[in-house]
Amino acid sequence: MTTTISDEIQARAGGRNWKKPLGWGAALLVLGWSWQGAGIAPGLLIDNFDNMVVLASDFVPPTFTNLTRYIHEMLVTIQIAIWGTLLAVICAVPFGLLSASNVAPWWINQPIRRLMDACRAINELVFAMLFVVAVGLGPFAGTLALFVHTTGVLAKLFSEAVEAADPGPMEGVRVTGAGRIEEILFGLIPQIMPLWVSVSFYRFESNIRSATVLGMVGGGGIGVSLWQSLRGFDYAEAATIMLVIIVAVTLLDMLSQQVRKRYI
Amino acid sequence: MTAISVERLDKSFGNHAALRDIGFEIAKGEMVTLIGPSGSGKSTLLRLFIGLTAADRQSHSHVRVLARDVQRQGHLVGARREQRRRTGYIFQQFNLVSRLSVMTNVLIGHLGAMPRWRALAGRFTRREYDAARRALARVSIEELAEQRANTLSGGQMQRVAIARALVQDAEVILADEPIASLDPRSAREVMEILERINREDGRTVVVTLHQVDVARRYCRRAIALKKGRLYYDGPIAGLTDTRLQVLYEDAGLDELGVHEDRPPTTGLLHAVG
């Protein structure tokens with residue numbers, strides 16, 4: 001027995017000898033290849049340093065004349081995030097359960113997983129542009145965009161929680177003669193609820209950040225003003241808007257984290 | 001009256017024969033132990049009784065519980081939910097829902113007998129609450145009703161699981177290694193509760209054990225399995241030390257799991273050692 005163990009250690013060490021440099025080589029190759037594609041040119045930062053100083057100085061001092069309007073628009077942004085997330089949570093519960101292999105058979109969970117993949121693959125901004133065409137400019141288009149994308153994300157996270165759940169309690173409910181749905185309600189949901197709540201609030205936080213740019217494509221919220229001020233080179237206004245965004249996002253992140261912590 | 005009847009039962013996992021040609025009958029009101037080394041097929045047999053597992057398709061296997069077919073030739077038959085409701089099942093790992101209260105865990109025993117809409121809404125009646133409270137009193141943990149299940153000790157969790165089976169009003173109680181994860185004192189208390197349910201309520205109790213001395217103390221009849229075959233079926237007294245020696249011949253000494261409150265130099269250990 002001892003010989004086989006030491007053999008194994010030696011084999012592993014031997015394997016590492018050639019695997020390690022190979023791994024580093026591959027990583028460097030990928031990094032170099034991406035450097036080119038991403039057009040990284042640090043020289044530009046130095047060459048344009050003077051321009052950047054001018055640009056940065058245009059941001060200060062921020063003009064606070066339109067502050068109340070921006071705060072109002074930020075509230076609309078938060079409202080978009082609230083409803084976009086809530087609708088997504090409601091839909092992600094059935095979709096999440098149905099794409100879990102321990103709840104639904106493969107001929108149900110595979111198609112639903114692919115559908116959720118599609119919802120997730122397309123960025124919120126793209127959905128927003130589509131919904132602007134469908135329902136017109138404004139916050140509703142943005143809400144729908146967040147809703148569809150977030151459903152895809154949450155359904156995946158929810159179903160992963162379901163698949164990681166302990167089958168024991170479900171079996172404990174099954175042997176009492178309870179039906180399949182009761183088994184899920186009583187044996188499964190209580191186990192995974194804390195995780196579901198936690199990821200939902202996390203998505204709410206990130207949806208507020210996403211909602212701030214939806215306005216750029218006509219999806220409503222503070223993004224409209226941000227886009228207009230940037231396009232009009234009105235950087236003092238843009239600075240005010242960014243400050244409002246930073247303060248609001250920070251406050252809501254903190255609030256949401258408190259709720260998450262309390263629930264677990 | 002027959003509570004459980006098993007005929008020509010075959011069960012394989014891949015190429016491994018877990019159970020071969022098992023047949024016996026258990027009468028109502030009996031307290032029977034299924035005994036044998038680990039891997040002898042005890043747990044599999046118990047799961048076959050309530051259709052958690054199906055027997056081999058190409059076999060003549062037939063399982064009847066409480067005069068109703070559970071499975072025939074590897075096909076689960078009959079009203080499985082109703083059958084499970086009439087059979088209580090106790091697990092080694094308790095299988096409680098840890099984030100729910102003790103009370104809710106016991107109330108879950110009612111789900112199989114409730115109208116569907118009330119079960120889905122989780123609305124239990126006063127009578128159901130009362131029955132749950134009585135069951136908790138029966139296993140002497142009434143005062144823990146409002147605690148979360150995951151705050152309990154192993155012995156307390158197993159009592160909750162028994163209370164859940166009591167609430168089902170199950171005529172047959174199947175217990176799969178109910179004391180294997182418990183300390184000696186909790187193990188004794190759990191076995192005493194099972195014995196009392198058998199004696200006072202006349203419920204049929206089938207319990208898998210690997211501690212021979214526990215089986216001797218609480219059960220009148222033993223069914224012993226060895227490598228998936230029926231090795232002994234009869235009064236527990238007939239399971240002599242010589243027979244046990246053969247039953248456990250390939251298993252390590254620790255397989256016997258002789259109770260810790262028994263001095264390690266008893267005749268039994270000598271017989272097996």
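A, B, ... follow the sequence lines: proteins, then strands. Residue 1 opens every chain.
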Pick one of side chain, backbone, both or neither for A:Ile181, based on which atoms fall under 4.5 Å of a heavy atom in chain B.
both

Scanning both residues in full, the closest heavy-atom pair of B:Gln168 with A:Val175 reads NE2-O, 3.6 Å

Proximity breakdown for B:Leu96 and chain A, heavy-atom pairs closer than 4.5 Å
backbone

Do other residues, nucleotides or ligands put more than 12 heavy atoms under 6.0 Å from the NE2 atom of B:His75?
yes

Return the minimal non-hydrogen interatomic distance between B:Val97 and A:Gly187, and the atom names on each side.
CG2-CA, 4.0 Å

Max heavy-atom pairs within cutoff under 4.5 Å with chain A, candidates B:Asn105, B:Ile50, B:Leu100, goes to B:Leu100

More than 12 heavy atoms from other groups under 6.0 Å of CZ on A:Arg114:
yes

Under 4.5 Å to a heavy atom of chain A? For B:Leu174 that would be neither

So which of B:Glu82, B:Arg81, B:Arg80 has the largest heavy-atom pair count under 4.5 angstrom toward chain A?
B:Arg81

Flag side-chain contact, heavy atom, 4.5 Å: B:Arg84 against A:Thr176
no

OH/A:Tyr202: more than 12 non-hydrogen atoms of other groups inside 6.0 Å
no

Over 12 non-hydrogen atoms of neighbours within 6.0 angstrom of CZ in A:Arg180
yes

Check each of A:Glu182, A:Arg174, A:Glu183 against B:Leu111 using the side-chain contact (heavy atoms from CB on, under 4.5 Å) test, and report the only one that passes.
A:Glu182

